[in-house]
Student: 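Take a look at the following structure, please.
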Protein chains: 2
Amino acid sequence: MGKKIPKQQSIDMQQLADMAGVSKSTVSRALSDSSVVNKRTKEKILELANKHHFVMNETARSLRLQRSNMICLVLMHDVELGAHLSDPFFLRMVGCVVDSLAKSGHDLALYHKPLETADEFRATRVYRQCDGTIFIGQGMIHEELNKLASHEKPIVVWGADLPERNYRVVGTDNIMGGKQATQHLLNQGCRRIAFFGDVRKPELALRHEGYTSALREADIEVDSSLQLAPPMERHAADQIIDNFIKSKKDIDGIVCCSDMLAATAISSLHEHGIEVPSQVAVTGYDDLEIGTRLRPALTTVSQNIQAGGEQLVQKMMALLAGKQIRDSIRESSLVVRKSSLRDGK
Amino acid sequence: MGKKIPKQQSIDMQQLADMAGVSKSTVSRALSDSSVVNKRTKEKILELANKHHFVMNETARSLRLQRSNMICLVLMHDVELGAHLSDPFFLRMVGCVVDSLAKSGHDLALYHKPLETADEFRATRVYRQCDGTIFIGQGMIHEELNKLASHEKPIVVWGADLPERNYRVVGTDNIMGGKQATQHLLNQGCRRIAFFGDVRKPELALRHEGYTSALREADIEVDSSLQLAPPMERHAADQIIDNFIKSKKDIDGIVCCSDMLAATAISSLHEHGIEVPSQVAVTGYDDLEIGTRLRPALTTVSQNIQAGGEQLVQKMMALLAGKQIRDSIRESSLVVRKSSLRDGK
DNA sequence: AGACAAAATACAATCGATTGCAACAATAAA
DNA sequence: TTTATTGTTGCAATCGATTGTATTTTGTCT
């Protein structure tokens with residue numbers, strides 16, 4: 001407390017070289033365990049490096065090697081959709097991506113600001129610093145992602161397989177997911193089924209497509225007044241969902257586009273004395289831990305997030321490697337993992 | 001799909017200078033909006049930069065300026081404590097820190113691997129790349145954090161105010177938090193109160209201290225068989241908690257060290273047909289969204305995570321700025337925000 | 001010892017931006 | 001016109017590592 005502790009000064013390769021009585025080339029080679037360096041010299045240098053707490057200047061190294069081994073992860077975040085990270089889906093995804101990246105010897109930089117244009121993003125420091133970018137979600141900037149992909153640094157996107165797409169995407173079959181959830185409710189006997197999710201987001205639009213398709217197949221008309229697009233911001237969402245549930249007493253099912261939404265809906269239903277699932281049944285999406293903590297446990301569409309994160313990283317690595325060989329790579333290799341329906345309790 | 005789209009080649013300052021018919025010094029100054037550059041020259045350069053999609057090489061810039069403007073965030077993660085990010089507390093913290101950093105013009109690199117020693121961390125690329133590090137939690141490496149702090153790059157830690165501490169810390173009053181939660185249960189009439197949390201973690205040890213202190217004041221003996229340290233890993237934790245609840249039928253309250261733990265406990269209690277809170281009352285910690293979705297809503301100790309994130313960043317910025325003026329700064333400025341008790345329903 | 005190959009090390013250019021200082025141009029004052 | 005002053009721009013060193021090539025050292029064989 002208040003004590004002055006002198007910071008240890010960091011040392012560079014030249015100083016290490018001087019101490020070892022060799023040139024910095026030799027130090028560099030020794031540290032990278034090059035086979036041309038004499039074994040005893042190598043040992044001496046390593047010992048000195050250790051003793052003096054040598055830490056390499058990574059920036060200089062990156063400059064020389066023309067790569068930083070950093071990948072940027074963008075948690076997509078539209079201006080209009082409100083802020084604050086609270087959906088645990090993102091945490092799981094970040095965790096899986098960072099772990100996968102670590103396995104390939106890469107580090108992760110996080111970006112979390114609303115994004116409107118490709119140029120805006122290219123002007124950010126993380127973009128300039130990183131070798132490539134992984135986007136979680138397409139938000140509403142599909143076209144801008146196309147533009148971004150035409151530039152030198154590779155991008156990979158978690159999201160939907162949209163038409164006119166020039167970037168690589170990893171994702172699951174959202175149409176099928178939405179359809180399965182809806183069919184599950186239909187099988188439970190539900191007939192007036194609401195849909196909670198902002199269809200301005202491509203993935204959710206596809207889930208909605210699955211929802212309508214399931215309804216049509218059951219000869220049920222889609223009631224546009226049962227479609228709700230709750231904002232991301234928690235309190236606003238709570239309010240809007242609560243109002244909806246108050247005013248639509250005749251619904252008997254809700255297809256939600258995330259487990260968090262489902263939890264909110266169930267909480268609101270309880271608040272109004274509506275029994276779940278006997279009076280209104282609810283499905284979630286993502287199969288997160290929260291769903292298993294609710295009573296009754298949530299029926300939800302499972303996306304294998306870990307596999308998704310791994311795929312994203314794998315694709316990114318392929319693009320980075322490809323770039324070093326040939327300058328332009330563009331092949332369609334959408335990874336589709338089939339959504340599965342999981343029944344709680 | 002399969003179409004070959006040539007990537008746009010990136011351009012450097014020299015090329016931009018050539019096109020503008022000036023030297024790269026002038027380009028550099030123009031891009032940083034230096035006042036010495038002629039207005040028309042500046043406009044011409046900016047126009048060209050825009051037209052040719054100029055993106056500065058951030059690595060070269062960092063090397064020259066001797067700073068990357070990147071801060072590393074370590075989600076503390078002990079080898080023995082299991083893996084996988086699922087507690088939304090971390091997401092909230094990451095979100096708050098990244099947002100605060102952005103406001104100070106910094107970016108965030110994420111680190112998420114088990115950490116045992118300071119030297120091990122100093123050897124990582126993120127450490128070398130970043131200007132400083134923020135740790136979320138002290139894990140079990142308090143001593144190693146002390147070592148790390150003695151080196152050139154600043155660190156700030158979210159955690160407990162431990163004795164013999166040479167690094168800056170931001171946190172809340174964990175003793176008080178644990179005490180308040182316990183007293184709340186005592187006030188509800190609970191007498192056999194269990195504690196769920198791994199006291200090997202300093203913060204949780206303090207909460208436990210608050211717990212025992214509250215019990216003592218109520219003249220209740222602390223029963224060591226009611227202390228449970230669930231692992232981080234979800235399934236293992238579920239199992240252990242379930243076994244505990246099965247075997248300790250006589251408890252009437254549980255103080256949990258996180259809302260996730262509380263949710264798990266409540267879920268398990270329900271599973272065994274035990275009423276919450278009438279038969280067993282439960283408190284959480286962190287005041288996360290999940291607590292508000294449970295029925296009945298969770299009583300929890302609130303930590304102002306946003307303020308915490310801001311403080312962490314603010315301290316880091318102070319250390320970085322201080323370093324530029326004087327070489328060693330060490331003053332005690334622990335930020336203690338009083339925990340508050342929040343009653344759901 | 002001398003010649004030659006092999007092993008180990010040093011030299012110097014390079015990555016792309018920044019910036020102190022020198023140089024030049026334009027304008028004003030003498 | 002000359003000189004001083006101010007406004008712009010260019011030169012070249014610098015940040016700290018990597019690496020192709022040149023050079024020195026070491027060891028082997030005759």
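Owing to the predicted nature of the structure, the values given are computational and were not obtained by experimental measurement.
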Student: Can you find a donor-acceptor N/O pair under 3.5 angstrom joining the side chain of Arg128(B) to the base of dG16(D)?
Tutor: no

Student: Between Val37(B) and Thr59(A), which has a closest nucleotide on DNA chain D that is more 5'?
Tutor: Val37(B)

Student: Is the phosphate of dG10(D) approached by Thr26(B) (side-chain N or O, under 4.0 Å from OP1 or OP2)?
Tutor: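 It does, given that an N or O in the side chain of Thr26(B) lies less than 4.0 Å from OP1 or OP2 of dG10(D).
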
Student: Counting N and O atoms only, with roles assigned by atom type, does the side chain of Arg67(A) sit under 3.5 Å from a partner on the main chain of Asn69(A), one being a donor and the other an acceptor?
Tutor: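 No, because the side chain of Arg67(A) does not come within donor-acceptor range (under 3.5 Å) of the backbone of Asn69(A).
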
Student: Measure the distance from CD on Gln129(A) to C1' on dG16(C) and round it to the nearest whole Å.
Tutor: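 After rounding, the reported distance stands at 13 Å.
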
Student: Could you please name the option among dT19(D), dA17(D), dA17(C) that lies closest to any side-chain atom of Phe54(A)?
Tutor: dA17(D)

Student: Show, in sequence, the C-alpha distance, side-chain angles and deciding distance for Met70(A) and Met70(B), and conclude whether the side-chain contact (heavy atoms from CB on, under 4.5 Å) test is met.
Tutor: CA-CA 12 Å; Met70(A) 284 219 149; Met70(B) 284 220 151; 3.9 Å; yes

Student: Looking only at side-chain N and O atoms, does Arg29(B) come under 4.0 Å of OP1 or OP2 in dT19(C)?
Tutor: no

Student: If you check the Thr41(A) side chain, which of dA17(D), dT18(D), dT9(C) turns out closest?
Tutor: dT9(C)

Student: How many whole angstroms separate atom CD of Gln14(A) from atom C1' of dT18(D)?
Tutor: 14 Å

Student: So, using salt bridge (Lys or Arg N to Asp or Glu O under 4.0 Å) as the criterion, who are the partners of Arg128(B) when residues are at least two apart?
Tutor: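 For Arg128(B), the residues satisfying salt bridge (Lys or Arg N to Asp or Glu O under 4.0 Å) (neighbours in sequence not counted) are Glu58(A).
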
Student: Ile45(B) CD1 to dT9(D) C1': how many Å, rounded?
Tutor: 10 Å

Student: Between Phe121(B) and Tyr111(B) (judged by ring centroids, cut-off 6.0 Å), do the two rings come close enough to count as a pair?
Tutor: yes

Student: So for the helix from dA1(C)-dT30(D) to dA30(C)-dT1(D), with five pairs setting each end axis, what is the inter-axis angle to 10°?
Tutor: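 Roughly 60°, once rounded to the nearest ten degrees.
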
Student: If the cut-off is 4.0 Å, is Gln66(A) near the phosphate of dG16(C), judged by side-chain N/O to OP1 or OP2?
Tutor: yes

Student: For Trp158(A) and Val97(A): C-alpha separation, side-chain torsions, deciding distance, then whether side-chain contact (heavy atoms from CB on, under 4.5 Å) applies.
Tutor: CA-CA 11 Å; Trp158(A) 170 268; Val97(A) 168; over 6 Å; no

Student: So, the side chain of Lys153(B) versus the backbone of Cys130(B): is there a donor-acceptor pair under 3.5 Å, distance only?
Tutor: yes

Student: When you match Leu63(B) and Lys42(B) each to their closest nucleotide on DNA chain D, which lands nearer the 5' end?
Tutor: Lys42(B)

Student: Between the side chain of Asn166(A) and the main-chain N/O of Asn146(A), is any donor-acceptor distance below 3.5 Å?
Tutor: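 Not a single qualifying donor-acceptor pair exists.
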
Student: Identify which nucleotide among dA10(C), dT18(D), dA17(D) has an atom closest to any side-chain atom of Asn57(A), counting heavy atoms from C-beta outward.
Tutor: dA17(D)

Student: Find every protein N or O atom lying less than 3.5 Å from an N or O atom of nucleotides 4-7 of chain C, and list the pairs.
Tutor:
none

Student: Who are the salt bridge (Lys or Arg N to Asp or Glu O under 4.0 Å) partners of Lys24(A), not counting sequence neighbours?
Tutor: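 So Lys24(A) forms no salt bridge (Lys or Arg N to Asp or Glu O under 4.0 Å) with any residue.
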
Student: Please walk me through it: do Asn57(A) and Leu63(B) pass side-chain contact (heavy atoms from CB on, under 4.5 Å)?
Tutor: CA-CA 9 Å; Asn57(A) 183 319; Leu63(B) 174 59; 4.2 Å; yes

Student: Students often get this wrong, so: under 4.0 angstrom with heavy atoms, is Val27(B) touching a base, only sugar-phosphate, or nothing?
Tutor: nothing

Student: Verify side-chain contact (heavy atoms from CB on, under 4.5 Å) between Met13(A) and Met56(A), making sure each step is shown before the conclusion.
Tutor: CA-CA 8 Å; Met13(A) 271 197 184; Met56(A) 166 143 14; 4.0 Å; yes

Student: Does Glu144(B) pair with Lys147(B) as a salt bridge, N-O distance under 4.0 Å?
Tutor: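 Result for this pair is yes, salt bridge flagged.
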
Student: Whole Å only: how far is the CZ atom of Arg61(A) from the C1' atom of dT19(D)?
Tutor: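 Nearest whole value for this atom pair: 12 Å.
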
Student: Would you kindly give the CZ-to-P distance between Arg40(A) and dT9(C), to the nearest whole Å?
Tutor: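 For the pair Arg40(A) CZ and dT9(C) P, the rounded distance is 9 Å.
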
Student: Roughly how far apart are Phe54(B) CZ and Leu16(B) CG, rounded to 0.5 Å?
Tutor: 6.0 Å

Student: If the cut-off is 4.0 Å, is Ser28(B) near the phosphate of dT18(C), judged by side-chain N/O to OP1 or OP2?
Tutor: yes

Student: Give me the distances for all protein-to-nucleotides 12-14 of chain D N/O pairs that come in under 3.5 Å?
Tutor:
| residue | atom | partner | partner atom | Å |
| --- | --- | --- | --- | --- |
| dT14(D) | O2 | Arg64(B) | NH1 | 2.8 |

Student: Restricting to salt bridge (Lys or Arg N to Asp or Glu O under 4.0 Å), what partner residues turn up for Asp119(A), sequence neighbours left out?
Tutor: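 Listed in chain order: Arg122(A).
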
Student: Give the rounded distance in Å between these two atoms: NZ of Lys39(B) and C1' of dT9(D).
Tutor: 19 Å

Student: In whole Å, I'd like the distance from the CG atom of Leu31(A) to the P atom of dT9(C).
Tutor: 14 Å

Student: In whole Å, what is the span from the CG atom of Leu16(A) to the P atom of dG16(D)?
Tutor: 14 Å

